[in-house]
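Below is one structure; the comments refer to it alone.
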Amino acid sequence: MITMIRQKYSNEIGSADYGTEVTVAGWIEDVRKLGSVAFIILRDRAGTLQVTALKKEMPIEQFKEFTSATRESVVSVRGIVQQSAQARNGYEILPKEVKVLNLAAAPLPLGVVDKVEADMDTRLDNRFIDLRKPNVQAIFKIRSAVIQAGREYFAQNKFIEVHTPKIISASSEGGTALFKVKYFENDAYLAQSPQLYKQMMMATGLDRVFEIAWYFRAEEHNTRRHLNESTAFDIEMAFINDETDVMNTLEGLVHYIWKYVAENCQTELKTLGKEVKVPTLPFARVSYDDALKLLAERGRNIEWGGDIGTEDEKLLGDIMKENGQDFYFITRYPLAAKPFYAHPEGDKARAFDLEYCGMELSSGAQRVHDPKLLEERIAAKGLNPKDFEAYLKAFKYGMPPHGGFGLGIERILMEMLGQDNIRECILFPRDRTRISP
RNA sequence: GCCCUGGUAGUGUAGUGGCCUAUCAUCCGGCCCUGUCGAGGCCGGGACUCGGGUUCAAAUCCCGACCGGGGCGCCA
């Protein structure tokens, strides 16, 4: 029985295979017919290869079926690998048997190798075809590597991977708008973050946890850097002195990820035409107060306590870049600007954001671990401590000092790979108007 | 939530009152071709988002709907 299942990807065939028989499979990217010879470009996830079909060397019916198959049809080819100076890979396949496994309809709603660009909307409507493009695939191969790197880093640093509920009962932390869902006879919400749960984990003795978390946020933003469904490395760690322990963990993670991608994703980076510069540690630390001073020097005066808006955030990014700092922390924000769980330090919070060239990648803090203070902070934010009973309970029977952060995965990819739209970095983006596919 | 902006073949575009029987490319179909690789040659195909209105005349101007793109706020 001769297999028609792929034995090798296009990049796994080399000089050792010359003269031998191999079965390859994939999508027909292009057919170049020259009468009694035809060159079929077959694409698999590793790249492309050329099948050279000679009319006189094949049953005529098979030759016809093969060379008239529509672009993007799925075929498998059993044939002899032959060295060829003319073929791009240095070899070509001379088919002995060809199976058209699935004929693609024509015309395609989106060309894979067409010489015209397609709008993002068209691409997303046909994402499964869009993802056949090597440069689009490269982003998701790198995404996989980023997550792999994160898991390795967390394992090395004694973090335990957890999964917290995504259906929650009530407004968790305030701030962002939540998606409401029906939960039998009650209303429930999709979690905006694992915040309260990962903190509760600190009372379990598991000490250090991380989650590859989903964030669901019902904000009606319409920008190139926001999604209504996004992912993040979300961590919490106990027995810390203050937020600098968390920052050290975060910059270590970022460094590890950048290094991992630089070392393991050369092929994909080349496909994208991008280079990843591994940052040096430690990252710069700029206090909120100093950030305001830096901005004031450039004529941007922000009242103390005020937000650093998008424009100013970018300007600060430029200033830091001039000093050779792509990555930097903004630390010690005004307390009022941070959520109730951020640990106070006078009128400031032991909280930080990690920025990359003016784009927020992460925010974190030391958390309040004293139940009395926590109740005060909840009340001070205009929230009702009664709504947080299950959460507060976890603080009353032995809660160590702790802190953590959330680091957006799409934001990482967007910045690392210089993508101008965050939708490039998630398979099926959810935004203000898109919920399908 | 506020603001700006767009909708022309499968895809991407040109066209901003009459010269539009709508441009170009790509794409699709047919035929020719034994070394293509942005293949080439010949022939053919396909579109003005929808509904009102203004006008002698609307792809073009106005109103509405629907569907997009983006900025701000907020954040990851």
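As a basis for the values below, the full set of heavy atoms in this structure was taken, side chains included, without hydrogen atoms, waters or symmetry mates.
- Nucleotide B:C56 is matched to B:G18 when pairs are restricted to Watson-Crick or G-U wobble geometry with both distances under 3.5 angstrom.
- To the nearest angstrom, P of B:G38 lies 7 Å from CZ of A:Arg32.
- Separation of the C1' atoms belonging to B:A22 and B:U8 is 8 Å when rounded to the nearest angstrom.
- Comparing atom distances between the A:Arg71 side chain and each of B:G29, B:G70, B:C27 picks out B:C27 as nearest.
- For B:U34, its base never sits under 3.5 Å from the side chain of A:Lys55 at any donor and acceptor pair.
- Residue-to-nucleotide contacts include a donor-acceptor pair under 3.5 Å from the side chain of A:Arg411 to the base of B:C75.
- Distance from the side chain of A:Thr223 is smallest to B:C72 among B:C74, B:C72, B:G68.
- Between A:Phe329 and A:Phe352, the distance from one ring center to the other falls under 6.0 angstrom.
- Of the listed nucleotides (B:C27, B:C72, B:G35), B:C72 has the atom at the smallest distance from the side chain of A:Thr310.
- Using a 4.0 Å heavy-atom cutoff across all strands shown, A:Asn222 reaches at least one base atom of the nucleic acid.
- Side-chain atoms of A:Arg423 lie closest to B:G70 of the nucleotides B:U26, B:A76, B:G70.
- Within 6.0 Å of the CD atom in A:Glu117, the count of heavy atoms belonging to other residues, nucleotides or ligands does not exceed 12.
- Judged by distance alone, with hydrogens and angles left aside, A:Arg217 brings a side-chain donor or acceptor within reach of the base of B:A76, the pair sitting under 3.5 Å.
- Scanning atom types as modelled, no donor and acceptor separated by under 3.5 angstrom connect the side chain of A:Glu117 and the base of B:U11.
- Put simply, the side chain of A:Glu311 and the base of B:G71 share no donor and acceptor less than 3.5 Å apart.
- Within 4.0 Å of A:Lys338, counting heavy atoms only, lies no atom of the nucleic acid at all.
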CA sep, side-chain torsions, deciding dist, call: A:Asp44, A:Lys8, salt bridge (Lys or Arg N to Asp or Glu O under 4.0 Å): CA-CA 10 Å; A:Asp44 60 28; A:Lys8 294 196 176 202; over 6 Å; no
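- Taking the C1' atom of each, B:A65 and B:G30 are spaced 43 Å apart, rounded to whole Å.
- Considering only side-chain N and O atoms, A:Arg123 lies nowhere under 4.0 angstrom from the phosphate OP1 or OP2 of B:G12.
- For A:Arg88, no side-chain nitrogen or oxygen approaches OP1 or OP2 of B:G35 to under 4.0 Å.
- When heavy atoms are screened at a 4.0 angstrom cut-off, A:Asp119 is found touching the sugar-phosphate backbone but no base atom.
- The side chain to side chain contact (heavy atoms under 4.5 Å, CB included) test with A:Val51 is passed by exactly one of A:Val98, A:Ile40, A:Thr67: A:Ile40.
- Residue contacts shown for A:Glu313 include a base, since a base heavy atom lies under 4.0 Å away.
- Counting non-hydrogen atoms under 4.0 angstrom, A:Ser84 reaches a base of the nucleic acid.
- Side chain to side chain, A:Glu236 and A:Gln199 fail the donor-acceptor criterion of an N or O pair below 3.5 Å.
- Considering only side-chain atoms of A:Ala106, the nucleotide from B:G35, B:C28, B:G73 that sits closest is B:C28.
- In this structure, B:C31 forms a base pair with B:G41, meeting either the Watson-Crick or the G-U wobble geometry with both donor-acceptor distances under 3.5 Å.
- Regarding contacts with the backbone of B:G71, a side-chain N or O of A:Arg224 is found under 4.0 angstrom from either OP1 or OP2.
- OP1 or OP2 of B:U36 has not a single side-chain nitrogen or oxygen of A:Lys33 nearer than 4.0 Å.
- Heavy atoms of A:Tyr215 sit under 4.0 angstrom from primed sugar atoms or phosphate atoms, though from no base atom.
- Both A:Gly406 and A:Ala118 lie close to RNA chain B; mapped to their nearest nucleotides by heavy-atom distance, the more 5′-ward contact belongs to A:Ala118.
- Judged by distance alone, the side chain of A:Lys381 and the main-chain N or O of A:Tyr341 form no donor-acceptor pair under 3.5 Å.
- For B:G12, the paired nucleotide is B:C24, the pair qualifying as Watson-Crick or G-U wobble because both relevant distances are below 3.5 Å.
- Among the heavy atoms of the strands lying under 4.0 Å from A:Ser230 is at least one base atom, whether or not backbone atoms are also near.
- Counting distance only, with no hydrogens placed and no angle test, the side-chain atoms of A:His226 and the base atoms of B:C75 include a donor-acceptor pair under 3.5 Å.
- Distances were taken from every side-chain heavy atom of A:Thr70 (C-beta onward) to each of B:U26, B:U34, B:G29; the shortest belongs to B:G29.
- A side-chain N or O of A:Asp289 and one of A:Trp304 form a donor-acceptor pair less than 3.5 Å apart.
- Going from atom CG of A:Leu34 over to atom P of B:C31 covers 16 Å, rounded to whole Å.
- Comparing A:Ala85 and A:Leu354 by the nucleotide of RNA chain B whose heavy atom lies nearest to each, the residue mapping closer to the 5' end is A:Ala85.
- Rounded to whole angstrom, the span from the CZ atom of A:Arg432 across to the P atom of B:C67 amounts to 10 Å.
- Within the shown strands, B:G71 is the pairing partner of B:C2 under the Watson-Crick or G-U definition, both distances less than 3.5 Å.
- Checking the phosphate oxygens (OP1, OP2) of B:G70, a side-chain nitrogen or oxygen of A:Asn421 falls inside 4.0 Å.
- Nucleotide B:C66 is matched to B:G7 when pairs are restricted to Watson-Crick or G-U wobble geometry with both distances under 3.5 angstrom.
- Ring pair A:Phe283/A:Phe327 is parallel by interplanar angle, where below 30° counts as parallel and above 60° as perpendicular.
- Dashed line: the shortest gap from a side-chain N or O of A:Thr433 to OP1 or OP2 of B:C67 is not under 4.0 Å.
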